[in-house]
Amino acid sequence: MKLNKRIQKINGLLIKYYGIPERNSRIPDPVDMLIGTILSQNTNDKNSFQAYKNLKKRFPSNEEIYKARRISIEKEIRIAGLGLQKSKAIKELVSGLMKKYGRISLDNIIHKANTEILDELTSFNGVGLKTASCVLLFALDRDICPVDTHVHRTLNRIGIVKQKTPDKTFNALHEDFPKGIAHSFHTNLIRLGREICKPSNPVCTKCPLFKICGFEPKNLKSSVLPTGSSFMLLDHI
Ligand code: SF4
């Protein structure tokens, strides 16, 4: 089966199991999305969302973030961890935007093709392919599926790609990615990776992709699925 059809098959099975994920009714500002994605690294949705809210409460506009001292930003985002690195990345981002475009906005590039936007965004310090592709999916509604550690692990276990890093998985996936399913595919795969296809001891017996997954040996011991929220930070910015 071709890659495009296999992705659609997985998407259909995940929707049958989890439903169609809710989307933010308001399209977020692309710069807010970049900041939110930087804050989301190496922490959970709850803490990164709280850090985002703290930051926006103290500095409501991006211009205020631009003028703020790095240490003041670090104070507001401490709950998300890695305060030094993340505050530096945020400062470098807003400074880089100002230097390159004369304002803290992506208006100059949002009408470009996906690959051009990815190239532009990843040219900023601290913005990797995952962060840039989150902007394309969540803020610009493009047919792009960001690949984080969960998406990378599950897709390689299933066997639709065979790649060593999330960035290589991203490139392989987008050689033939179907139109119109990126948000549900990405969001449901992350949920699968957090709840079922976990890094160790995947709960294969409860997995909706069991029949089409090529991972061997599957874990056939039954296990209790975690309960809780499927809150996704990037749909709440
Ligand atoms: S069957 Fe097991 S290894 Fe395959 S996707 Fe499901 S949980 Fe992951």
Side-chain angles (χ1 to χ4, degrees), residues 1-23 37 40-49 114 128-134 136-138 142-236:
M1 199 190 289
K2 285 190 170 170
L3 178 62
N4 186 298
K5 294 277 178 234
R6 295 185 77 191
I7 294 169
Q8 290 191 55
K9 171 97 182 160
I10 291 167
N11 187 54
L13 289 168
L14 289 173
I15 285 177
K16 212 167 158 190
Y17 191 74
Y18 286 129
I20 295 175
E22 276 180 34
R23 279 203 91 154
T37 312
S40 75
Q41 288 157 11
N42 297 94
T43 189
N44 60 37
D45 281 347
K46 188 166 161 266
N47 288 345
S48 49
F49 190 44
N114 293 342
L129 192 51
K130 188 195 87 174
T131 302
S133 54
C134 282
L136 283 170
L137 172 63
F138 290 97
R142 303 286 180 96
D143 288 315
I144 288 287
C145 173
V147 175
D148 71 345
T149 177
H150 298 297
V151 174
H152 171 64
R153 181 179 64 256
T154 51
L155 290 180
N156 278 274
R157 281 179 173 170
I158 295 161
I160 73 164
V161 293
K162 286 284 172 208
Q163 301 295 336
K164 295 259 185 272
T165 66
D167 285 1
K168 287 182 179 168
T169 292
F170 177 88
N171 290 329
L173 194 65
H174 290 88
E175 282 175 13
D176 194 16
F177 196 80
K179 285 195 166 68
I181 67 163
H183 182 264
S184 65
F185 186 72
H186 168 81
T187 307
N188 280 338
L189 263 186
I190 288 183
R191 188 168 175 191
L192 185 86
R194 286 176 176 176
E195 296 177 356
I196 296 181
C197 193
K198 297 179 288 184
S200 53
N201 297 321
V203 192
C204 298
T205 51
K206 305 265 168 57
C207 180
L209 306 180
F210 187 93
K211 284 188 182 158
I212 61 160
C213 175
F215 184 67
E216 293 297 342
K218 293 193 178 72
N219 177 16
L220 299 178
K221 290 180 200 150
S222 65
S223 181
V224 179
L225 294 179
T227 54
S229 153
S230 59
F231 176 82
M232 293 282 171
L233 164 76
L234 300 179
D235 272 317
H236 292 81

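One-based numbering, in listed order, for ligands and for the atoms of each. The shown structure was predicted, so the numbers you read here are calculated from the model rather than taken from an experiment.
Using a distance-only test at 3.5 Å, with no hydrogens or angles considered, a donor-acceptor pair links the side chain of Asn188 to the main chain of Gly19. Asn219 places no side-chain N or O within 3.5 Å of a backbone atom of Val203 that could act as its donor or acceptor partner. In this structure, His174 contributes its side chain and Cys145 its backbone to a donor-acceptor pair below 3.5 Å.
Aromatic pair His152/Phe170: centroids not less than 6.0 angstrom apart.
Among all non-hydrogen protein atoms, the one lying nearest atom 3 (S) of ligand 1 is Phe215 CD2, 3.4 Å. Here the protein heavy atom with the shortest distance to atom 6 (Fe) of ligand 1 is Cys207 SG, 2.4 Å. The protein heavy-atom contact nearest to atom 4 (Fe) of ligand 1 is Cys213 SG, 2.3 Å.
Contacts between Cys197 and ligand 1 below 4.0 angstrom, taking non-hydrogen atoms only, involve backbone and side chain alike.
Between the side chains of Gln8 and Asn4, at least one donor N or O lies within less than 3.5 Å of an accepting N or O.
Close approach of ligand 1 to Pro202 (heavy-atom distance below 4.0 Å) involves ligand atoms 7 (S).
Among the atoms of Cys204, an N, O or S atom falls under 2.8 Å of atom 2 (Fe) of ligand 1.
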